[in-house]
Amino acid sequence: MLIVMHHHATAEEIKAVQAAVTALGFRSEPIPGKERTAIGVLGNQGYVDDGTILELPGVLEVIHVSKPYKLVSRDFHPAASEVRVGEVVLGNGLAPVVMAGPCSIESEEQIVTAARLVKSAGAQILRGGAFKPRTGPHSFQGLGIEGLKYLRAAGNEVDMPVVTEVMRIGQLDAVCQYADLVQIGARNMQNFELLKEVGKLDRPILLKRGMSATLEEFLAAAEYILAEGNSQVVLCERGIRTFETATRNTLDLSIVPLVRELSHLPIVVDPSHATGKRSLVPVMAKSALVAGAHGLMIEVHPTPETALCDGAQSLTGEGFADLMDQIRRLLPVLETC
Ligand code: PEP
Ligand code: MN
């Protein structure tokens, strides 16, 4: 529910409305605007009689917001949010942030080599998986904590913040010890207990879209994190399951502008998992920026042919450097559009 106050409402009137909301057992969030202040009401499940609220001095109207996401929506938070990862900031009007690195951390040497390659090409955040959500149990499962240590050391060496996936609550302490940005993978997008737990952290979260999640489910998943108090969330479109088998997933680029309309949170695109094919990654990466993505996540491996995971979709260091050159040429054009 949104309570819209008259533009001349006084601070006392706003306080009185908040007190009335609290007395009803709900939570409230003031939403300051240019023209008038609104008060967002949360925790109201089921029917709420808004008659008593409408009668309070200063109240203009009461709007019922029936979406399953509220804190994530522009209704509750009209201005676009920025999310900081170390020294790097993602958000509207800022240069797109590129996160790059191998699918999995395979050895100290591999991640350090990858880190140097992506850093010299201009990436801002180093990625690498230590806990891997593999389809089958016989595939490489990641190096675990040892991998986290190598990732941190590689990030430190090239002075880049690092992002890595957490698969369950029990791994959260370890991941937070080593990572600047905590990734929730597609398969865990609706692991609500994990979402609630990362919602209690003071740490940015990268939330990937579930492979069969609607946009509403995706935003409702982000709502779980914000509802616990952590609003540092970056969304990531990584392709969805459709009938099409020519690509690994179907990149749903149209949700990028739609997320920007509906939500204040930044959104990045992962063309690597979306396409599954190295040759398609550069053009879809650039298309994502045209669509308005605030950043990209790209898999890069020093020797993709020997990769333990996702080699076919990983760019080489050279391929990634080429893409970054193309992106640099594209950016001034985008600014004029
Ligand atoms: C990943 O980014 O390492 C990954 C496993 O991606 P997703 O969760 O999108 O499949
Ligand atoms: Mn991968």
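Start at 1 and go down the list; that is how both ligands and their atoms are numbered.
Contact record, L71 with H264: O-NE2, 2.7 Å, taken as the closest heavy-atom pair. Between V83 and V233, the shortest heavy-atom contact is CG2-O, 3.6 Å.
At a threshold of 4.0 Å, the pair K70-D75 does not count as salt-bridged, since none of the basic side-chain nitrogens sits closer than that to a carboxylate oxygen. At a threshold of 4.0 Å, the pair R152-D180 counts as salt-bridged, since one of the basic side-chain nitrogens sits closer than that to a carboxylate oxygen. The pair E157-R116 meets the salt-bridge criterion, with a side-chain N (NZ, NE, NH1 or NH2) lying under 4.0 Å from an Asp/Glu carboxylate O.
Partner of M99 under the side chain to side chain contact (heavy atoms under 4.5 Å, CB included) criterion, chosen from V85, L181, L126, L296: L181.
For the Mn ion (ligand 2), the N/O/S atoms of C309 include none lying under 2.8 Å.
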List, pair by pair, the atoms of ligand 1 and of the protein that are both N or O and lie under 3.5 Å apart, giving the separation rounded to 0.1 Å.
| residue | atom | partner | partner atom | Å |
| --- | --- | --- | --- | --- |
| ligand 1 | 2 (O) | R127 | NH1 | 2.8 |
| ligand 1 | 2 (O) | Q183 | NE2 | 2.9 |
| ligand 1 | 2 (O) | K208 | NZ | 2.8 |
| ligand 1 | 3 (O) | R127 | NH1 | 3.4 |
| ligand 1 | 3 (O) | R127 | NH2 | 2.8 |
| ligand 1 | 3 (O) | K132 | NZ | 3.0 |
| ligand 1 | 6 (O) | K208 | NZ | 3.0 |
| ligand 1 | 8 (O) | A186 | N | 2.8 |
| ligand 1 | 9 (O) | K208 | NZ | 2.9 |
| ligand 1 | 9 (O) | R238 | NE | 2.6 |
| ligand 1 | 10 (O) | R187 | NH1 | 2.9 |
| ligand 1 | 10 (O) | R238 | NH2 | 2.8 |

Throw together a table of side-chain donor-acceptor distances under 3.5 angstrom for residues 127-146, partners on residues two or more places apart or in other chains.
| residue | atom | partner | partner atom | Å |
| --- | --- | --- | --- | --- |
| R127 | NE | P102 | O | 3.1 |
| R127 | NH2 | C103 | O | 2.9 |
| K132 | NZ | C103 | O | 3.3 |
| R134 | NH1 | F140 | O | 3.1 |
| Q141 | NE2 | G136 | O | 3.3 |
| Q141 | NE2 | S139 | O | 2.8 |
| E146 | OE2 | Y150 | OH | 2.7 |

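The Mn ion (ligand 2) is closest to atom OD2 of D310 (considering only N, O or S atoms). Atom OE2 is the N/O/S atom of E299 found closest to the Mn ion (ligand 2).
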